[in-house]
Amino acid sequence: MSNKPIGIFDSGVGGTSIFKEVHTLLPNENCIYLADSKNAPYGNKSEAEILDLSVKNTELLINNACKLVIVACNTATTNAIAFLRSQYNIPFIGIEPAIKPAALSTKTKAIGILATKGTFSSHLFHKTSDIYATGIKVIEQVGDGIVPLIEAGKLESNEMINLLHKYLDPMLQENIDYLVLGCTHYPYLIPQLKNLLPDNVKIIDSGSAVAKQTQSILSKNNLLNNVEQKPVLKFYSNGDISVLKSILNFECSVQYLDF
Ligand code: DGL
């Protein structure tokens, strides 16, 4: 069983930022990654649509013998992970905006969160926000348009820089000292964000926490692959595989699959 792959899915290429953290921490693990780019972005879809897409991706991973599924998408986690856990008998790991560390560390008592509409409107996001962010100014900004530009490979375009200015400038006026990246696509914009943000504003995301949680849950379930090996890593996209290849940026198997 421990030799079976970890399954990972996202609305597109963004969840590869999570895959990279997982692969660095757990280099023996075989992985199957699904980029549902055909249906990106998930962020503006209804909860029911996000649920259906999450079920479709999960079933494909389970049918390919995955021992654990990482929902490498804040939007899918906050809208669908409770349902997935209730339906399937394998462990699920999710990702949520890292409000807690930002709220605990802020000195200016103002933090910015960039995420999708679907994440902000979810019950899970409100619950976490209510617990950790009382007494702190939380500036919630929907990152409309960012995911489609990343999916089109336009990370460094003028359109992207303009959008980032539009979303971040008002946060800076509120004197934030933490920017929480609440979408797995956004870590690919860290160089651009660092150019726009003053040095005192720290950027945080949940990628390394997800990798540690994956390690802990695999270990608890006796599912860790301890055999030193070159793992089998398979990446599938139902969109443009050239974008997935370029964002992965290492020699691996990337294939088109209609799912
Ligand atoms: N990577 C997804 C997330 O973390 C992107 C959301 C979308 O497809 O809109 O939320």
Side-chain angles (χ1 to χ4, degrees), residues 7-22 33-58 61 69-84 92-99 102 112-126 128-129 140-155 160 163-164 167 179-190 193 203-211 213-214 235-240 243-244 247-248 259:
I8 306 174
F9 77 83
D10 177 41
S11 60
V13 300
T16 57
S17 63
I18 304 302
F19 158 77
K20 287 176 186 176
E21 300 274 3
V22 170
Y33 181 93
L34 300 180
D36 192 11
S37 295
K38 184 174 77 181
N39 293 301
Y42 283 8
N44 292 331
K45 295 191 193 301
S46 68
E47 190 180 348
E49 285 172 304
I50 297 166
L51 208 71
D52 283 351
L53 293 166
S54 300
V55 164
K56 171 197 68 141
N57 298 331
T58 298
L61 292 169
V69 167
I70 301 176
V71 182
C73 174
N74 291 260
T75 313
T77 297
T78 50
N79 285 275
I81 200 162
F83 180 78
L84 298 176
F92 285 86
I93 308 287
I95 180 162
E96 284 181 75
I99 307 175
I113 304 180
L114 196 58
T116 69
K117 185 165 155 248
T119 294
F120 284 130
S121 62
S122 68
H123 175 67
L124 193 55
F125 177 81
H126 283 289
T128 314
S129 186
E140 296 178 9
Q141 177 62 58
V142 174
D144 251 344
I146 297 180
V147 167
L149 284 177
I150 296 176
E151 289 291 320
K154 295 181 180 169
L155 281 85
M160 181 67 86
L163 267 187
L164 294 179
Y167 297 150
L179 173 65
V180 177
L181 304 185
C183 168
T184 54
H185 282 69
Y186 301 164
Y188 287 110
L189 298 173
I190 286 175
L193 290 168
I203 300 169
I204 48 175
D205 70 78
S206 318
S208 62
V210 170
Q213 178 69 357
T214 304
F235 297 85
Y236 298 100
S237 168
N238 53 17
D240 181 353
V243 176
L244 181 55
I247 221 147
L248 279 165
F259 61 94

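Being a predicted model, the structure only gives us computed values, none of them experimental. Counting starts at 1 for both ligands and their atoms, following the listed order.
- Between Thr119 and ligand 1, no N or O atom pair is found at a separation short of 3.5 Å.
- Nearest heavy atom pair, residue Asn57 against residue Phe259, reads OD1-CE1, 3.6 Å.
- Among protein heavy atoms, the minimum distance from atom 7 (C) of ligand 1 is reached at Tyr42 N, 3.2 Å.
- The environment of His126 atom NE2 is dense: over 12 non-hydrogen atoms of other residues, nucleotides or ligands sit within 6.0 angstrom.
- Nearest protein neighbour of atom 6 (C) of ligand 1, counting heavy atoms only, is Thr75 OG1, 3.4 Å.
- Within the 4.0 Å heavy-atom cutoff, Ser11 counts among the residues contacting ligand 1.
- Close approach of ligand 1 to Asp10 (heavy-atom distance below 4.0 Å) involves ligand atoms 1 (N), 2 (C).
- The shortest N or O to N or O distance between Thr116 and ligand 1 is not below 3.5 Å.
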Going by atom type alone, with no hydrogens or angles, which donor-acceptor pairs under 3.5 Å involve a side-chain atom of residues 8-17 and a protein atom two or more places apart or on another chain?
residue: Asp10; atom: OD2; partner: Gly12; partner atom: N; Å: 3.3
residue: Asp10; atom: OD2; partner: Gly14; partner atom: N; Å: 3.1
residue: Asp10; atom: OD2; partner: Gly15; partner atom: N; Å: 3.0
residue: Thr16; atom: OG1; partner: Val13; partner atom: O; Å: 2.6
residue: Thr16; atom: OG1; partner: Tyr188; partner atom: OH; Å: 2.7
residue: Ser17; atom: OG; partner: Gly14; partner atom: O; Å: 2.8
residue: Ser17; atom: OG; partner: Thr184; partner atom: O; Å: 2.8

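- Each of Thr77, Thr128, Asn74 was compared with Glu96 under the side-chain hydrogen bond (donor to acceptor under 3.5 Å, both in side chains) criterion, and only Thr128 meets it.
- When only interatomic distances are considered, the shortest N/O to N/O separation between Gly43 and ligand 1 falls below 3.5 Å.
- One option in Ile18, Asn74, Asn79, Ile146 has a heavy atom closer to atom 4 (O) of ligand 1 than any other, and that option is Asn74.
- For NZ of Lys56, the number of neighbouring non-hydrogen atoms (other residues, nucleotides, ligands) closer than 6.0 Å is greater than 12.
- Distances from ligand 1 to the non-hydrogen atoms of Cys73 include at least one value under 4.0 Å.
- Shown here are the side-chain contact (heavy atoms from CB on, under 4.5 Å) partners of Asp205, two or more places apart in sequence or in another chain: Leu181, Pro187, Ile190.
- Heavy-atom proximity to His185, at under 4.0 Å, picks out these atoms of ligand 1: 1 (N), 2 (C), 5 (C).
- The closest side-chain donor-acceptor pair between Tyr42 and Asp36 falls under 3.5 angstrom.
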